[in-house]
Each structure stands twice: as structure tokens, then as C-alpha cells.
S.K.: 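Sharing a structure here in C-alpha cells format.
Computed from a predicted structure; not experimentally measured.
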Amino acid sequence: MTPLQKSILNAVKRRPMTLRELQNNLQVDNSRLRTSVSAMVATGELSMRNGTYVPGFATYENTNAPAAIPCTLVKLAARFGFASRDDGEGDIFIPGRALHGAMPNDKINVKLFDHPRVEGSSEGEVVEVTVPNNRFAGTVCLSEDGRMAVEPDGCRDVKFLLAKQGSEGVHLGDKVGFLITHRGNRHSDHRAAVVEKFGSSDYASECAKAILYGRNVRQEFPPEVLEEAHAYDNAVIDPTEAAKRLDLRGIPIFTIDSAETKDIDDAISLQKLEDGYELGVHIADVSHYVRPGSALDEEAYERATSIYYADKVIPMLPTQLSNGICSLNEGEDRLAFSCLMRLDENGEIRSYKFVKSVICSRVKGVYKEINALLEPEEGADLTDLRTKYEAVLDQLPAMDELYRKRLVLRKARGGMDIESNEAKLVMDENGRCVDIVKRDRGTSECMIEEFMLLANQCAANAGRTNKVPFLYRVHEAPDAEKMEKLSATLLACGLNAKFKNPIPTQLELAALLDETRDQPIQIPVHTGILRSMQKARYAPQPLGHYGLVLADYAHFTSPIRRYPDLAIHRILSEMLLGASASQLQKDFNEFAQQASEKSSKQEVAAVRIERDVEDLYKAEYMHNHLGEVYTGTVAGITPRGVFVELENTVEGFVPAAQLCKGEPQVIDGVSMLDPLTGKSWMLGSSMKIQVAAADVALGRIDFEYMVE
């Protein structure tokens, strides 16, 4: 800022001034003054109000706020950005000129404006980039003047010129990984260099690689981790260790998973008793192999979760463990951590105990096959299946019976069953998406989920009642304001959604879910209820699980792919060895806190990656169906247009301009009305559409409305 500009700013801070008043006040040449004022308006340092100049949005200061607030930039578009406060107090809107070149995931300091443009909102300016993030993925494009540039993923209309060195062989439309090599005070001044070339953005597999690169996903295991893992090449269990454990190899234990599953970490057994059931949930004893302080453990802690997308997995643990010695493979002796439960004739838990065991799975069960045995189709020949499952066949009716009783109990307490409309992507030999099938859950999927829930419930109860450090899976009650908005939306849909209290009971929400199940309105209602909830997370405090209506809940059953489960195994193992509560608190208090925070953060990142990558593959599939006509369900309504979901779970956007001849009116967020024609569209209504466009790089699908 020049000395004259500083004088101008100081003058208008005292009081608003016209150009003539500024000239008289500063005694400066009119032409020079006009040039300086115009430049300051362009950069946001001055604004015009009622014919006078006042400080602009880039210079407002809130004297009641700290000089600068530590934040992370979380979203960037061409004309604005959002910064998330590091203290968790919400997001700050950053106007384009006040970004000063800040990029997503930059650590920044933000100064709040005294007069935000929207009353009550937080708005500010980036005053410093403390820790820059210079690693991104993007798509090669052309700048406005025709030079080679790159647009970062998730930053539409933000482009950086590419340095010639390192960008040889790069073509328009390529997905690349790049580094910002030079930063200016504006995004247009940044320069970039390509460091990774993935291939054409027409292919979802190449775009997926770019997403993983841009989000710093740990895809390769470090040498020291691989060295430790190689010790388990073709490993078998240690007979000395097995001799110390409860030997359950004589019990018909088996696994049930999808046909393609290779990392099998849970198995089950069931014995029907005169007064109830004895249920065994047997989990791979990963903690025996992944010890504290090892390279394997440190890497698993950093990853915190496996990431599953399309037909691929980025595992938390190397394959020697995840698919080998820790996987409960058919016919192979394995070390396990078993939860043995006694349930009464109604399916209620009477007692439980955790034991270190050695097991041998009799058969690798497959959901689809178990479903065929539990609910055989008329005339189906099940001879081969009965032969395959001969060793465990007599357990299936009792398992089904127990599951049905547990389902009654879950419904009675208000456990919510939200339809999630999960998709299964069908890939060809080249990794291209050739079909999308809605993933249906049969009896066996729900049964295994319920049995795992029981073991998880027992694990959390053991942690809470023994008052030891633990990692709980918590889901807190929803926010009253969100519930008020949800109630208004559901009432506008014609549903009886008047809750007795600001925060509804689980029974009230469960009733709404059941009322709309298999109805046209199911998609928006179930999605709306889900989005109104708090996000489940990990915490060292037993805060309960609102959605499951359980005081005790943790994750114990998937230590191959989730670090919290591995951490719980470690704590429970020490309990079984007789460690006192005070010793456990000394050893694990800080660990439980840090692992909870790290795992929650990594889970959010993994889920976002999985969803974003799924969108890429859906766009790739629909790109091969351009021009085809479908009938879908209106799943979302905005002033810009409506979102339509097809039977195969693909969602696309129909612009309001195609629907309405006049200015569209959105009513209560549930319907759109064209005042000129009288036509309206409501959540849950059907709409005939044609696939107009599918942008794989953006994971975006556009539909065109077909007048019926």
C-alpha cells in the first residue's frame, strides 16, 4: 500500500468521505487521487456507500475479536472461500479479493471484518498463510489467453499457469498431480509444475488416482513396515501361543462375508440352549501381531482405516496380515479374540465374557448363499449349497430365530433403520464401470450386523463398567435447531412430524422411517433424517449411541480395517492379563484420547474419498448412456434446480430453467412451482429425464427434463 493509499484509508476510517472531501482533506492532485481510489476499490480496500467512500471488506477489523484467528481453508471457488476455525467455532466466509492466494488445506490466520455483508455471519480476510499446502491434483486446461494451465480438483474456475519444465507430454484433459512452485498475492499469480501424470480425465480410474494423490492418501507401505510384515509371509500360528488359549477348534465356527472379501476378521458360532442361546463372535486377534511401538502399529495408527472404492482397497495393514495370518480363512487355524455371550429366550444379553482363543473356520460363508438357504426360492435346487455348508447347516435356523428376536427388541427401543441406497459398481477387466446395481441387504447381512452389534455392545460395557480408558463409538442426540427444520420439512411433505419435544425420541423418528419405507418419499425422508443427525465418532467417554439407542457401544469387530477396534483389543487384552484400572489409566488414557481424535478425523477423510470416487465411476457409467431416457425420483430441491435419483442410485441435476418458464418458487424446501404454468414438482415425485451430460473429472451428471 502506497503512502497516499494509507492516508486515504486513515481518512475514511475517521468518517465516510466523498472524492471532493478526500481531495480537500489530503490536498492531493485530483488525477492521482482518482487513480489511487479506483485501485483501492478494485482490491477491496475501499467501498462506495451512498456516494461516499468507506473502508472496504479487505480492511475492516473487528476490535472485539483477536487480531488473527488460526484457521484452515477448506473450500475455494473463483470468487470466495471458506475457512474452518481451528478452535471449532465454525466457518468464516472469505470474499475472493480477501483470500490473497490462499489454497485449500493451507493453515492461515484470518482477521474478521467488523461489518460482514450478511448480518450475524462471520466474514474475514486472510492476513497470513502460516503453513502452505502446495500439493494438489487437477485437470490440465487452457488459460483465458490460451496457455497451458491446470485447474485444481474441487476449485472450479481457479486456474494456474503450468511451468514448461516438467509439463512435457501433458495433454488437455489429463489428470495430473502438481505442486505450486510460486505463490503470488492472487491465485492468478500462482505457478504450478506437474509431478505426476495419471491419464485421461475421461476415465474414473485415472481420476481416482488423482484424488488419492491430492488428498495425501498413504498408498505404499514404508520399507520398515514391509520388513516387519515379511516376517508373516505364509505364516501359521505359533503352537506355544495356541496352547495358552481356549481351544475352540472343535466348535463349528464359520464366517459370512461377500464373495470377494479377502480380509475376513469376524466369525460366528451359535448353540441353542434350553433357556436361550450361546452366541460366539470370534474376531481376528490382530493385537497379538501388531504390537505397540512397532512400525506396523505406527503405520496403522496414521492410516486408522482401510479405504474401499470400486473394486480396490487401500488396506490399513499389509496383505501378509490383512489377507494372511490375521484373516480367518477357511480351514486354517487362527488366533482369535472371542466374545462369548449368553442370551435368554427373548434374545436379551444375560452375561458375556471375552477370551483369547484359537479357532478354525469350517467354511467361508457368502451372504447370497446363506440367504438362499434361509429363504429358499420355490423349486430351487440347493443340493450343492447344503453340501458346502454341511458342517454348520444346523446352526442357520437358530441364528435366523435369534436375529428375529433381536430385531423385535431393536424396534421396541426405537433403533433406526435408515435406507442408505448403497450402490455396487460392476467393473470390466479394464477397470471401467459397466453397471451400477443397488446393493440389497438380505437376512444374512442384517443377521451378521446384529451379532456384531451385540459383541460391540459387550465390549463397550466391559470398558465402562471396569472404568478403564477406552475408545467408544458415540452418536450424540441431534441438534434441536436441525430437528426443528427437519420437522417443518416433513410436515410440508404431508407427514405427521410434530415432535413432543424439541429433540424427538428415537421411536418417533423410527416411526417416520417405517411409515415412508418403500414409498416414493422414502429417499428424501430417510436422507433428510440422516443429514439432521450428529455424525458418529470415536471418543474416550461413554456418551452412548443415539441412533442405535444403546448406552454402550464401541467398535470391537473389525481390527484388520479399523484402528479403534485394534486399540480396544489391546486394552481388553491387558484387562484379561489382570492389569488394574489405575495401571490401565496410566498406560492408555492419553492413547485413548489421541487415537479417538485421529481415527475420527481419518474416518471422515476416508468416507469422503469413497463417496467422491464413487461419483466418478457413476459419471463414467452414465457417460456411456448419454441421450437415454429414465424415470427417477425427485430427491432434492434448490432454487437452482432439482436433484433426481434413478433406481440404480445415480443422482443427476435438472436446472430450474428447464422446468420453469417463470421465476421458480421453492416452497418450504420440498416443492418447486412455476407460477406461469402452474406446474409443480415435489420431493418424492417421479420425473422423466434424459441423460444430458456426465463429467467424469467432476463426478457430475446433468439431466434434461422430459415433458410427459
S.K.: Using a 6.0 Å cut-off, check whether atom CG of D384 has over 12 heavy atoms from anything other than its own residue.
M.R.: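 Incorrect, the count does not exceed 12.
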S.K.: Go through T261 and K364 one step at a time and tell me if the side-chain hydrogen bond (donor to acceptor under 3.5 Å, both in side chains) criterion holds.
M.R.: CA-CA 10 Å; T261 300; K364 180 186 176 183; 5.9 Å; no
S.K.: If you count every heavy atom of other residues, nucleotides or ligands that lies below 6.0 Å from E590 atom CD, does the total exceed 12?
M.R.: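 Result for CD/E590: open.
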S.K.: Please determine if R406 forms a cation-pi arrangement with F451, meaning its NZ or CZ atom is less than 6.0 Å from the six-membered ring centre and no more than 45° off the ring axis.
M.R.: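 The answer is no; the distance or angle limit is not met.
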S.K.: Taking all atoms of both residues into account, what is the closest heavy-atom pair of A592 and P469, and its distance?
M.R.: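 Between these two residues, the closest heavy atoms are CB-CB, 4.3 Å.
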S.K.: Do P315 and F221 come within less than 4.5 Å of each other through their side chains, counting heavy atoms only?
M.R.: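 Yes. Closest side-chain heavy atoms under 4.5 Å.
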S.K.: Does this structure show an ion pair linking E348 with K405, if we count only N-O contacts that are shorter than 4.0 Å?
M.R.: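 Answer for the salt bridge query: no.
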S.K.: Can any side-chain N or O of R334 pair as donor or acceptor with the backbone N or O of A284 at less than 3.5 Å?
M.R.: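 No: the side chain of R334 does not pair with the backbone of A284.
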S.K.: List for me each residue that meets side-chain hydrogen bond (donor to acceptor under 3.5 Å, both in side chains) alongside R413, sequence neighbours excluded, and say none if there are none.
M.R.: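 Partners of R413 under the side-chain hydrogen bond (donor to acceptor under 3.5 Å, both in side chains) test: none.
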S.K.: With a cut-off of under 6.0 Å to the ring centre and 45° to the axis, is R342 in cation-pi contact with Y277?
M.R.: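 Cation-pi check for R342 and Y277: fails.
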S.K.: With side-chain contact (heavy atoms from CB on, under 4.5 Å) as the test, would you mind laying out the steps for H569 and V286 before giving the verdict?
M.R.: CA-CA 8 Å; H569 280 219; V286 179; 5.6 Å; no
S.K.: Determine whether the side chains of K312 and S205 contain a donor N or O and an acceptor N or O closer than 3.5 Å.
M.R.: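 The criterion, which ignores hydrogens and geometry beyond distance, is not satisfied for S205 and K312.
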S.K.: Which value, rounded to the nearest 0.5 Å, describes the distance between C360 atom SG and F254 atom CZ?
M.R.: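 Between atom SG of C360 and atom CZ of F254 there are 14.0 Å.
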S.K.: Show your reasoning for whether salt bridge (charged side-chain N to carboxylate O under 4.0 Å, His left out) applies to E260 and K424.
M.R.: CA-CA 12 Å; E260 58 271 15; K424 179 181 170 116; 3.6 Å; yes
S.K.: Kindly state whether the ring of F556 and the ring of F337 have centres lying under 6.0 angstrom apart.
M.R.: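 Between F556 and F337, the centre distance is under 6.0 Å.
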S.K.: Apply side chain to side chain contact (heavy atoms under 4.5 Å, CB included) to V236 and list each qualifying residue two or more places apart in sequence or on a separate chain.
M.R.: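 With neighbours one apart ignored, the set is empty.
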S.K.: Taking only residues at least two apart or on different chains, which pairs with a member in residues 566-589 satisfy salt bridge (Lys or Arg N to Asp or Glu O under 4.0 Å)?
M.R.: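 For residues 566-589: D297-R570.
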S.K.: To check you understand the geometry: which heavy-atom pair defines the closest contact between R245 and S357, and what is its length?
M.R.: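 So the two residues come closest at NH1-O, 3.2 Å.
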S.K.: For Q602 and Y563, run side-chain hydrogen bond (donor to acceptor under 3.5 Å, both in side chains): C-alpha distance rounded to whole Å, both residues' side-chain angles, the deciding distance at 0.1 Å, then the answer.
M.R.: CA-CA 10 Å; Q602 292 299 100; Y563 194 81; over 6 Å; no
S.K.: Yes or no on side-chain contact (heavy atoms from CB on, under 4.5 Å) for L530 and H526, after CA distance, side-chain angles and deciding distance?
M.R.: CA-CA 6 Å; L530 182 63; H526 283 232; over 6 Å; no
S.K.: Once rounded to the nearest 0.5 Å, what's the spacing between atom CD1 of I256 and atom OH of Y367?
M.R.: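 It comes to 7.5 Å.
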S.K.: So with a 6.0 Å cut-off around CD of E401, is the heavy-atom count from everything else above 12?
M.R.: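 More than 12 within 6.0 Å, yes.
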S.K.: Would you say E227 has more than 12 foreign heavy atoms packed within less than 6.0 Å of its CD?
M.R.: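 It does not: E227 CD has 12 such atoms or fewer within range.
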S.K.: Could you give me the CA-CA distance, side-chain angles and deciding distance for Y352 and N461, then say whether side-chain hydrogen bond (donor to acceptor under 3.5 Å, both in side chains) is met?
M.R.: CA-CA 10 Å; Y352 65 84; N461 183 265; 2.7 Å; yes
S.K.: Rounded at 0.5 Å granularity, tell me how far CD1 in I307 sits from CZ in R218.
M.R.: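 Between I307 CD1 and R218 CZ, I get 11.5 Å after rounding to 0.5 Å.
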S.K.: Does G442 offer a backbone N or O that forms a donor-acceptor pair with the side chain of E445 under 3.5 Å?
M.R.: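 At least one qualifying donor-acceptor pair exists.
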S.K.: Would one find more than 12 heavy atoms of other residues, nucleotides or ligands at under 6.0 Å from atom CD of E220?
M.R.: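 Incorrect, the count does not exceed 12.
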S.K.: Is it true that D400 and R404 have a side-chain N and a carboxylate O under 4.0 angstrom from each other?
M.R.: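 Judged by the 4.0 Å cut-off on N to carboxylate O distance, D400 and R404 do form a salt bridge.
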S.K.: Tell me if the CZ atom of R611 is crowded by more than 12 foreign heavy atoms within 6.0 Å.
M.R.: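 No, CZ of R611 has 12 or fewer neighbouring heavy atoms, counting only those of other groups under 6.0 Å.
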S.K.: Between Q585 (side chain) and K467 (backbone), is there a donor-acceptor pair under 3.5 Å?
M.R.: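 Looks like yes, one N/O pair under 3.5 Å.
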S.K.: Do the side chain of S294 and the main chain of V290 share a donor and acceptor less than 3.5 angstrom apart?
M.R.: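 Checking the backbone N and O of V290 against the side chain of S294, no donor-acceptor pair under 3.5 Å is found.
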S.K.: Take a 6.0 Å sphere around CG of N234 and say whether it holds more than 12 heavy atoms from other residues, nucleotides or ligands.
M.R.: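 Atom CG in N234 is not crowded, with 12 or fewer foreign heavy atoms closer than 6.0 Å.
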S.K.: Hydrogens and angles aside, do E369 and Y389 bring a side-chain donor and acceptor to less than 3.5 Å of each other?
M.R.: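 Judged by distance alone, the side chains do pair up.
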S.K.: Once you measure the plane-to-plane angle for Y553 and H555, does it fall in the parallel (<30°), tilted (30-60°) or perpendicular (>60°) bin?
M.R.: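 Aromatic pair Y553/H555 classed perpendicular.
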S.K.: If you apply the rule side-chain contact (heavy atoms from CB on, under 4.5 Å), what do you find for I268 with M452, and how did you get there?
M.R.: CA-CA 9 Å; I268 53 171; M452 295 305 115; 3.7 Å; yes
S.K.: Can you tell me which residue pairs pass the salt bridge (Lys or Arg N to Asp or Glu O under 4.0 Å) test with a partner in residues 205-217, sequence neighbours excluded?
M.R.: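 Those involving residues 205-217 are E206-K209, R215-D612.
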S.K.: Could you give all pairs that pass the salt bridge (Lys or Arg N to Asp or Glu O under 4.0 Å) test and reach residues 540-558, with sequence neighbours left out?
M.R.: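 Listed by first then second residue: R464-D552.
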S.K.: Under the side-chain hydrogen bond (donor to acceptor under 3.5 Å, both in side chains) rule, collect the residues that match up with K356, sequence neighbours excluded.
M.R.: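 K356 satisfies side-chain hydrogen bond (donor to acceptor under 3.5 Å, both in side chains) with D285, S573 once adjacent residues are dropped.
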S.K.: Begin from the C-alpha positions of T557 and R562 and carry the test side-chain contact (heavy atoms from CB on, under 4.5 Å) through to its verdict.
M.R.: CA-CA 9 Å; T557 54; R562 291 189 306 227; 3.8 Å; yes
S.K.: Out of E597, E603, E476, which residue meets the side-chain hydrogen bond (donor to acceptor under 3.5 Å, both in side chains) rule with R537?
M.R.: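 Option passing the side-chain hydrogen bond (donor to acceptor under 3.5 Å, both in side chains) with R537: E476.
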S.K.: If you define the side chain from C-beta out and look only at heavy atoms, does anything of Y403 sit under 4.5 Å from C446?
M.R.: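 Yes, their side chains come closer than 4.5 Å.
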S.K.: Under 4.0 Å between a Lys/Arg side-chain N and an Asp/Glu carboxylate O for D514 and R517?
M.R.: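 Looking at R517 together with D514, the answer is yes, because their closest N to O distance falls below 4.0 Å.
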S.K.: For the CG atom of L402 and the CG atom of L343, what is their distance to the nearest 0.5 Å?
M.R.: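 Here the rounded value is 5.5 Å.
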S.K.: Could you check whether R432 makes a cation-pi contact with Y203, meaning its NZ or CZ is under 6.0 Å from the centre of the six-membered ring and within 45° of the ring axis?
M.R.: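 Checked: cation-pi criterion met.
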S.K.: Does K175 form a salt bridge (charged side-chain N to carboxylate O under 4.0 Å, His left out) with E196? I'd like the steps, not just the answer.
M.R.: CA-CA 9 Å; K175 293 300 294 189; E196 292 274 353; over 6 Å; no
S.K.: Please give me the minimum heavy-atom distance between S306 and V313, naming the atom from each residue.
M.R.: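 It is CB-CG2, 4.3 Å.
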S.K.: Can you measure from CG (D257) to OG (S327) and round to the nearest 0.5 angstrom?
M.R.: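 Between D257 CG and S327 OG, I get 8.5 Å after rounding to 0.5 Å.
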S.K.: I'd like to know if the side chain of E610 reaches the main chain of Y308, judged simply by a donor and an acceptor atom lying under 3.5 Å from each other, with no hydrogens or angles considered.
M.R.: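 Indeed, once roles are kept as given, a pair shorter than 3.5 Å links the two residues.
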S.K.: Using a strict threshold of under 4.0 Å (side-chain N to carboxylate O), is an ion pair present between D417 and R410?
M.R.: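 No, this pair does not count.
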S.K.: Should we say atom CD of E647 is surrounded by more than 12 heavy atoms from elsewhere, each under 6.0 Å from it?
M.R.: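 At most 12 heavy atoms, drawn from other residues, nucleotides or ligands, come within 6.0 Å of this atom.
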